[in-house]
Structures are given as structure tokens and as C-alpha cells.
Amino acid sequence: MRILITGATGQIGRWLLHTLAPNPGLELVLALRRPQPQLDSLRAWLAARHMQPAATLRALPFDLDHPDRAARLVKEAQPDMLVHLAARFAWGLSPQQAWRANGLTSLALLRALNHQAPQARFLHVSGFMLQHRAHLARLGLDETGQTKDWPAVYRRAGGYEASKLQAHVEMRALAAALAHPLLVLHPATVAGHSVEGELPDHAALYQLCRQLLKGRLGALPGTPAHRLPLVAVDHVARFIAALVQDPQQRGGDYLLMDPASPPVPVLAQQLAQALGRPAPRRHLPIPLLRLLLKGLPGLARWSGSHPESLDFLVRDVAFDTAPAERLAAGWGLAHPPLEQVLAATARHVRERELRR
């Protein structure tokens, strides 16, 4: 089985590779901006974890900012399945930057796959806020995610989140028009690995740990009822790996979220305890914090926070994780204990920051 993976160097991509690599029946084709150096780096990352791949690994050139190269990539790879993890993530992206990388490229990959390998499956990784109906309504989207004013959505949500929302809507429409089944995964905020705790510096949970470690978090955002929905990266990787290797799974939407995700004060307390730091007790209303971050750029740089990131804090939302939980149970998968995940994540951040 030949699997084409975009975003293999990212947080989820690395652990997916780690999960799939022991399988000798797989050929993993990695779409990379710098194929040979990045493939060598991934091999070294696997070797550091005592992983000698039994699967065949090879790399092909690809760049998210060039959707016109999608057809060539698919033609060279000839995959049985395409796992599209890659996305341009950054706060403050322009609508044009975000839509080209996260929207046009996703659509180009689906068109190319449907044309060149119509029986191949497509897995698109999106985000959990698409399941937050009240949030969509605040942005001006209806129940199906449709709107007549995407520029307004980009102004309200920012380039990254708006482009992911629009990409989901248009990918769904294109898949229906092509009659090509589409698997969509909606992970919550991705925490570190349940043992290693590894996660990238730009991750929301990394920045929260960093603020606690440096004593820069004087108050918690939102109210005691707000929470940051979480999922361990190794659970996401195992779920995707199981989807990949289950040929019966050809279409559907799956929300991955640990039901044990605590309210923000409990989350901060657990992380602070693991870091050996006190946790703040005061709260700052999100509208006020958003205003401060927009008005004081120095505060955003100092704190590691950004106004766009505040949308991922939610309250009074009943997310439907049942379809994903049923599949996971059938495969024998379960979320690792979240307290263990948070402790490992905090240790990783502390050790990385101490080395700087």
C-alpha cells in the first residue's frame, strides 16, 4: 500500500510516520519542500527513538504555496491514499497567503487524486472549531459553514482559521461534485506526546507552559468555565494510522478530543505543578484581553499570545466525539491519561527552555 503524506515534518506528521514506519507492507511517500535534507532529518528523528523503518520511505518535492504542482506530485506518487496534514500555520497571515496554502492547495490535491487515482482515498486534517456551531454563527457562517461574505470571516477570525473553515466547506463541495469520498479529521488543540511530551514551540500549549515557567501569566484568559479542548498527539497519530490501514473507511467526519479536557484553571494548575511554578487565580475577560493584545503589540510578543488564539477557548459546548470514539474502540485505541500527557508536555517545555 502506497501512502502519500503531506506535512510529515509537522507535529502530527512525525508521530504518524513513527506509527506507520514499522509496517513492511507500506510505502510512505513524503511530500517535502526540501526532499533529501528533510527525509534525512526524519530518519535521524526516528533513529533517535530506536526506530528502524520496515516500511519503504521516499520523498518528493512539494510546496504548499504552489497549488499548481499538486498534479505532478500525485502523478509521481501514484498513491493508494493521500493523507493531507500540511497547513500554513501562523497568526496574522494575510487572507491571500492563508487561502493559497490551506485552501487552493487542498482543492488541487483532491482534483489531482480524483483524476489520476480515482479509487484512492483522501484524508484531510481540519480543525475542531468547525464543530463549534455558536462560533461559526458569530463569524457569520450558517449551520453548513456557508457564507456570502468570506472577507468578513477573514477579518473576524484571522487568515489561518478562516482559511481552514473555507477549505473545509469547499473541499466538501468539490468531493460531492466529483463523487469522491472524503475522510475529514478534526483534532482538538494537539498536546505533546504522552511519554516524550514533544511539541513545537509555536503550539498553544507550549506557549502556555512557557508563560507559566517564566512567571508571565498574571491572569487566566476567560472565565473558570472556559476550557481548551485537547488531544494527545500520539492518539491522533494512532487514529490516523488505523484509518489508513482500514480500507472500509472511505468517508466521514471525525472529531478527536479528549473528554477529560479540563477547565482552564485546572489545566493551568496541572501544568504549573509539573513545572514547579504557581498558577494564577485571577481571570481576564476574553474581549478585554483581545483588545489589549491588539492595542499593545509588545504585550503579544512578551506573552507569546495572539488575539486569534483566543477563539480556541470555549465554554458550554457539547462536542460530538461519538463517531471517532466508536471507531477508536473498534480498533482497540484509547486516549492516554491526560494528566500524564500534560506532565510530559510540561517537562518537555521546561527542558527545552532551560537549554536556551
Side-chain angles (χ1 to χ4, degrees), residues 7 64-67 84 86-108 124-174 184 186-190 200 202-205 207-208 220-223 226-229 253 255 264 283-317 319:
L64 273 179
D65 291 322
H66 295 280
H84 185 34
R88 176 75 65 239
F89 174 81
W91 304 127
L93 284 175
S94 72
Q96 295 76 20
Q97 284 177 306
W99 176 242
R100 181 175 63 250
N102 298 334
L104 293 179
T105 296
S106 300
L107 293 166
H124 183 226
V125 176
S126 191
F128 77 98
M129 294 301 283
L130 279 153
Q131 308 291 307
H132 189 342
R133 301 304 177 194
H135 173 69
L136 298 183
R138 285 196 296 271
L139 294 177
L141 303 171
D142 65 20
E143 293 181 351
T144 63
Q146 300 286 348
T147 181
K148 295 180 179 179
D149 192 357
W150 279 110
V153 176
Y154 278 82
R155 289 194 299 273
R156 293 165 187 156
Y160 171 74
E161 179 64 10
S163 66
K164 295 292 285 183
L165 293 170
Q166 187 179 5
H168 175 74
V169 172
E170 299 207 14
M171 287 285 283
R172 275 272 168 236
L174 178 60
V184 184
H186 304 280
T189 296
V190 181
H202 63 70
L205 211 55
Q207 290 302 320
L208 177 57
L220 297 171
T223 69
H226 276 87
R227 62 190 178 107
L228 179 66
D253 282 65
L255 174 62
V264 169
H283 289 266
L284 197 61
I286 286 178
L288 175 58
L289 181 55
R290 195 189 308 275
L291 189 65
L292 289 171
L293 290 171
K294 286 182 176 179
L296 301 170
L299 176 63
R301 288 192 296 271
W302 181 78
S303 67
S305 300
H306 192 278
E308 292 177 26
S309 68
L310 299 176
D311 284 337
F312 295 91
L313 296 172
V314 302
R315 59 177 298 178
D316 304 325
V317 181
F319 289 101

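These numbers were taken from a predicted model, which means no experiment stands behind them.
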Validation row: [X], [Y] side chains within 4.5 angstrom (heavy atoms):
X	Y	value
R227	L313	no
P67	L107	no
T147	V169	no
M129	E161	yes
Y154	S163	yes
R88	D65	yes
H84	S106	yes

**Q.** Derivation and outcome, side-chain contact (heavy atoms from CB on, under 4.5 Å), residues V153 and Q166
**A.** CA-CA 9 Å; V153 176; Q166 187 179 5; over 6 Å; no
Q) Are the side chain of N102 and the backbone N or O of A87 linked by a donor-acceptor pair below 3.5 Å? A) no
Q) Considering residues at least two apart in sequence or located in another chain, which fulfil the ring-ring contact (aromatic ring centres under 6.0 Å, His included) criterion with H66? A) none
Could you state the interatomic distance from [atom1] ([X]) to [atom2] ([Y]), rounded to the nearest 0.5 Å?
X	Y	atom1	atom2	answer
R156	D149	CZ	CG	6.5 Å
E170	W99	CD	CH2	4.0 Å
D142	L136	CG	CG	9.0 Å

Q) Using the benzene-type ring in the case of Trp, are the ring centres of H168 and H186 under 6.0 Å apart? A) yes
Q: Just say parallel, tilted or perpendicular for the rings of F89 and H202, cut-offs at 30° and 60°.
A: tilted
Q.
So, applying side chain to side chain contact (heavy atoms under 4.5 Å, CB included) with L130, which one of L165, D253, L255, V184 is it?
A. L165
Q: Begin with the C-alpha distance, continue with both residues' side-chain angles, and end with the deciding distance and a verdict on side-chain contact (heavy atoms from CB on, under 4.5 Å) for H124 and R172.
A: CA-CA 10 Å; H124 183 226; R172 275 272 168 236; over 6 Å; no
